[in-house]
Amino acid sequence: MSTEYRYDPAEIEPRWQQVWADEGTWEVANDSSDPRRTSYVLEMLPYPSGEPHIGHLKVYSVGDAVAHFHRRTGRRVLHPMGYDAFGLPAENHAITTGVHPRDSTNASIASFQRQFRAWGISIDWTREFGTHEPRIYRWTQWIFLELFKRGLAYQKQAAVNWDPVEETVLANEQVKDGRGERSGALVEVRQLTQWFFRITDYADRLLEDLATIRWPEHVKTMQRNWIGRSEGAEVVFSCEEVGIDYPVFTTRPDTLFGATFFVMAPEHPDVLRLTAGTSQEQAVQDYVNSALTSDKQLRGDVDKVKTGVALGRTVTNPVNGEQLPMYVADYVLMEYGTGAIMAVPGHDERDFAFAQAYDLPVRRVIEGGDGELPYAGDGPLVNSAPEFDGLHNREALRAIVDWLDRGGKGHASVNYRLRDWLISRQRYWGTPIPIIHCARCGAVPVPEADLPVLLPDVEDYKPRGRSPLAASEDWVNVACPSCGGPALRETDTMDTFVDSSWYFLRYCDANNDEAAWDPAAVAQWMPVDQYIGGVEHAILHLLYARFFTKALSDLGHLPPEIQEPFAALFTQGMILRDGDKMSKSKGNVVAPTALVERFGADTARCYILFIGPPDQDADWSDTGAEGMHRFLGRLWRLCAEAADELPDDPIPDLDSANPDDERVLRKAHWAIEKVTKDMSERFNFNTAIAAVMELVNETTTAKRGDAAPGSVRFALSTAASLLSPFGPHVAADAYQLLTGKHVWEQPWPSADPALLEADTFELVCQVNGKVRDRVPAPTGASRETLLELARASSKLRAHLDGHQEVKAIVVPDKLVNIVVR
RNA sequence: GCGGAUGUGGUGAAAUUGGUAUACACGCAGCGUUCAGGUCGCUGUGGGGGCAACCCCGUGGAGGUUCGAGUCCUCUCAUCCGCACCA
């Protein structure tokens, strides 16, 4: 092969990037008169820290392939980009270096921008923003105030998770195994007044609407588990000695007659009150103190021996009037249900373990379990009340709840694991909460005209148990907007997940100075047709964004039919190196800049998509990337050569085609069909790229034989066209060389059904399910014909002779299986 | 403990509806091009047996359903990921 055709991505890629920048190819207007269907393709916005890593290259390679495919299949595509620019790493960096977080963040954003352009990602840059820009966080503040006015944002004192390293509170969702998600430090419980969003109001809708969205099942399951809906009953147990009613939540009201004691959480506010002045006071006090100061993770250990202390009081079981002794025990959690439980040791393992440890009675009220207790399964009721004994427990459950309801002793109830979203952060680099605290008027919203509340510049970013903003006295001290009296600004900033809960709405109308968005613009694009990102956001971001969408829709800021932000979700797997996560400490990082420099962006993008199904983790291999580089080089070279050396003849039609033409043309149409299916029905870019490789392999100078120039040019330009969503530069270049046209302006190729169906196929001939021969057979032949063909095979006869034929299975256009004895 | 995912050549993987197991690559081997290396091109490449035609075995393991199972069912092992004293 001539060496004058050298594939040079360093020359090709910048040249096409310039074309796209000059003509604003990927910009899209909010033009509702455009008749084309719209498609909103979005990857999760990056957190700009340092340089983009290989995970970014993967997510944008996937998203860009989808965006390109949607465009070329006739859709008007919104594919924007922005930056989740507030957050702790920039602030921690500021603490050690003194560089303002704004400066380090902007420097990182500039690096991301450069990379995204160098990767050739098809972004509408006119809609770009960072969440740290006042023109954007102004609207984050506006949304906060809208939620505040409707009671969906509120302040309360609560036991919150305090991260002693980050020196800020964290949302429940940011605590994993009792440790701060980011710092890894054991979180402490603190009683603090904090701002919350009332996400629990939306628990049911967040649960129900999962049925309306095309998300991976495991992500839906994770959200369901997180919301943790339990159906049961609330039942009131009364402590007559002190005259206080204690409601408890139970999922098993059918076991009420089996309750033999009653347990409260150490945090329960009444525990100390109930024992004050009694002989148990000291013991209870000691127990509560040790429970509250013990390691949260140790306390949560399922295998931990059950401990507790008697309160010396009793409550009345409302179903039978029995007096149940009260205990305090740390296996009961204040944050779930009412912080108190009825204990049924006969039918609950934990209650059983406690009863064993403290020698409490165990009563069976449900038959089953081979006579062993505890028994958590179903069965008929016993030892309960005459009207319930003998009933199956599932029916008894309903009957008992009805009976409690009629008697005013309880009612059906639903409990959630989900807690309200704590959004206060005692840190600097975030959106200031637009509230002014006035001694006379309370928490007063900053008037809309005064937005944004700008983040003041401070000298010292270090958190000292309060927000760094508190030190900025000129900023903090203001007049109350309501009464004009002296007042103080709220100094906490918002969790950065607030910013990412609405950014996708802003892209629809990114340059609107009058409003966060025009609902008409949002109606045109939302919901996001395809959202793409890491599974690590399965709960946090994806739950919060769903909550925001529903709340904003309820408030009238979104069209009522928009209830979900992301109609379809794709979660991509990680890129590993030698089976390990890439990390600086392991020294196994593959930097996208180095890849692009060495191979070009197309090779890096195509290889990342070729390495395996994109939802799975994949191991990076340098030699694999080299292989992709070879393939792109071969494709480009064949195209350049054909463009120069082969006349631009028309494609031969099937009648005039020689066998080589037919083979090449069929392969091209097969590849069209294969890539189209892989792109539209699933995200199997790896097999799509493999199909393009097969097509190119069939069209090499050595393989194409006597195929006419028209066939070769068609096959090669088709290969370039099919590859363009993955390797847009090399595809654009090769396609232009062959056709003189811009590939992105061409409609996606469609396969000719006549060329997909061959008139002969390879008939698989089996005896007893084992393949013994393959013979050519005419497509559409009758069962009889196929059977005859198979029987005629000499290889088959060797296995048939001397045996008795029992049965023959014929699968038309596929195989024959003869069963012999 | 509960829930979910995965398991196929030396490696990444393919097999879309129960119908040819290993497509496409990487690696390796051989050949050609080249002074050489690299590049590029071609050929071969699951394991075992056989000169060969061919035969046997083979999708983590064990059973089962079926003419036919990587695919369906039962049990089981391993790895990974969620959640977890949630009443």
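Here is how names work: the chains are called A, B, and so on, in the same order as the sequence lines, proteins then strands, and each is numbered from 1.
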| request: Take the angle between the ring planes of A:F237 and A:F262 and call it parallel below 30°, perpendicular above 60°, tilted in between. | output: tilted
| message | Angle between ring planes, A:H268 versus A:Y246, binned at 30° and 60°: parallel, tilted or perpendicular? | response | perpendicular
Students often get this wrong, so: under 4.0 angstrom with heavy atoms, is [X] touching a base, only sugar-phosphate, or nothing?
| X | value |
| --- | --- |
| A:K674 | base |
| A:N697 | sugar-phosphate |
| A:V332 | base |
| A:D330 | base |
| A:G228 | nothing |
| A:I611 | sugar-phosphate |
| A:K770 | sugar-phosphate |
| A:F610 | base |

| Residue closer to the 5' end of RNA chain B, A:I341 versus A:K703 (nearest nucleotide) | A:K703
| field | Lys/Arg N to Asp/Glu carboxylate O, A:E217 vs A:R224, below 4.0 Å | value | yes
| message | Do the side chains of A:D622 and A:R577 get close enough for a salt bridge, i.e. N-O under 4.0 angstrom? | response | yes
| query | Dot-bracket for RNA chain B, 5' to 3', with Watson-Crick and G-U pairs under 3.5 Å, [ ] for crossing pairs and | for other-strand pairs: what is it? | reply | (((((((..(((......[....)))((((((.......))))))((((....))))..(((((..]....))))))))))))....
Gap in Å between the two [atom1] atoms, one belonging to [N] and one to [M], rounded:
| N | M | atom1 | answer |
| --- | --- | --- | --- |
| B:rU59 | B:rA14 | C1' | 12 Å |
| B:rA29 | B:rG47 | P | 15 Å |
| B:rU71 | B:rG19 | C1' | 11 Å |
| B:rG7 | B:rG60 | P | 8 Å |
| B:rC28 | B:rC83 | C1' | 46 Å |
| B:rU20 | B:rU74 | P | 24 Å |
| B:rG49 | B:rG63 | C1' | 29 Å |
| B:rC26 | B:rG48 | C1' | 26 Å |

| said: For the aromatic rings, using the six-membered ring if either is Trp, is the centroid distance between A:W636 and A:Y5 under 6.0 Å? | reply: no
| field | Aromatic ring proximity, centroids under 6.0 angstrom, A:F261 and A:F354 | value | yes
| remark: The side-chain contact (heavy atoms from CB on, under 4.5 Å) partners of A:A731 (sequence neighbours excluded) come to A:S724
If you check every side-chain atom of [X], which of [options] has the closest atom?
| X | options | value |
| --- | --- | --- |
| A:Y336 | B:rA15, B:rC86, B:rG41 | B:rC86 |
| A:D678 | B:rU16, B:rC85, B:rC83 | B:rU16 |
| A:R417 | B:rC24, B:rA84, B:rU16 | B:rA84 |
| A:T687 | B:rA25, B:rC42, B:rA14 | B:rA14 |
| A:L333 | B:rA23, B:rC85, B:rG4 | B:rC85 |
| A:R630 | B:rA15, B:rC86, B:rC40 | B:rC40 |
| A:V811 | B:rC85, B:rC83, B:rG19 | B:rG19 |
| A:T221 | B:rG3, B:rG41, B:rA87 | B:rG3 |

Can you tell me how far [atom2] of [Y] sits from [atom1] of [X], rounded to the nearest 0.5 angstrom?
| X | Y | atom1 | atom2 | value |
| --- | --- | --- | --- | --- |
| A:H803 | A:I818 | NE2 | CD1 | 12.5 Å |
| A:M264 | A:T338 | CE | OG1 | 8.0 Å |
| A:L542 | A:K220 | CG | NZ | 12.5 Å |
| A:T700 | A:L695 | OG1 | CG | 10.5 Å |
| A:D378 | A:R394 | CG | CZ | 4.0 Å |

Exercise: identify the closest heavy-atom pair between [X] and [Y]:
| X | Y | value |
| --- | --- | --- |
| A:V692 | A:A719 | CG1-O, 3.7 Å |
| A:V414 | A:E231 | CG2-CG, 4.1 Å |
| A:M574 | A:K58 | O-NZ, 4.3 Å |

Can you tabulate the close N/O pairs, meaning under 3.5 Å, that link protein atoms to atoms of nucleotides 58-60 of chain B?
none

| Phosphate contact (B:rA87 OP1 or OP2) by A:S230 side-chain N/O below 4.0 Å | yes
| request: Taking only the side-chain nitrogens and oxygens of A:R224, find out if one of them lies under 4.0 Å from OP1 or OP2 of B:rG3. | output: no
| task | Tell me whether the guanidinium CZ or amine NZ of A:R546 lies under 6.0 angstrom from the six-membered ring centre of A:W226 and within 45° of its axis. | result | no
List every contact pair, protein side and nucleotides 65-69 of chain B side both N or O, where the distance is under 3.5 Å.
residue: B:rC67; atom: OP1; partner: A:K807; partner atom: NZ; Å: 3.1
residue: B:rC67; atom: O2'; partner: A:N817; partner atom: ND2; Å: 3.3
residue: B:rC67; atom: O2; partner: A:N817; partner atom: ND2; Å: 2.5

From [atom1] of [X] over to [atom2] of [N], roughly how many Å is that when rounded to an integer?
| X | N | atom1 | atom2 | result |
| --- | --- | --- | --- | --- |
| A:M574 | B:rC80 | CE | P | 13 Å |
| A:Q174 | B:rG82 | CD | P | 16 Å |
| A:E349 | B:rC2 | CD | C1' | 12 Å |
| A:E626 | B:rG38 | CD | C1' | 11 Å |

| query | Does atom CZ of A:R598 have more than 12 heavy-atom neighbours, drawn from other residues, nucleotides or ligands, at distances under 6.0 Å? | reply | yes
Return the polar atom pairs (N/O with N/O) between nucleotides 46-49 of chain B and the protein under 3.5 Å, or none.
none

| query | Would you say A:D615's side chain and A:F570's backbone share a donor-acceptor pair under 3.5 angstrom? | reply | no
| message | Taking syn as a glycosidic torsion within 90° of 0 and anything else as anti, which one is B:rG44? | response | anti
Under-3.5 Å N/O pairs linking protein and nucleotides 51-55 of chain B:
residue: B:rC54; atom: OP1; partner: A:K795; partner atom: NZ; Å: 3.3
residue: B:rC55; atom: OP1; partner: A:R772; partner atom: NH1; Å: 3.3
residue: B:rC55; atom: OP1; partner: A:H799; partner atom: NE2; Å: 2.9

| note | ring pair (Phe, Tyr, Trp, His ring centres under 6.0 Å) with A:Y607: of A:W620, A:F685, A:F599, only one passes, and it is A:W620
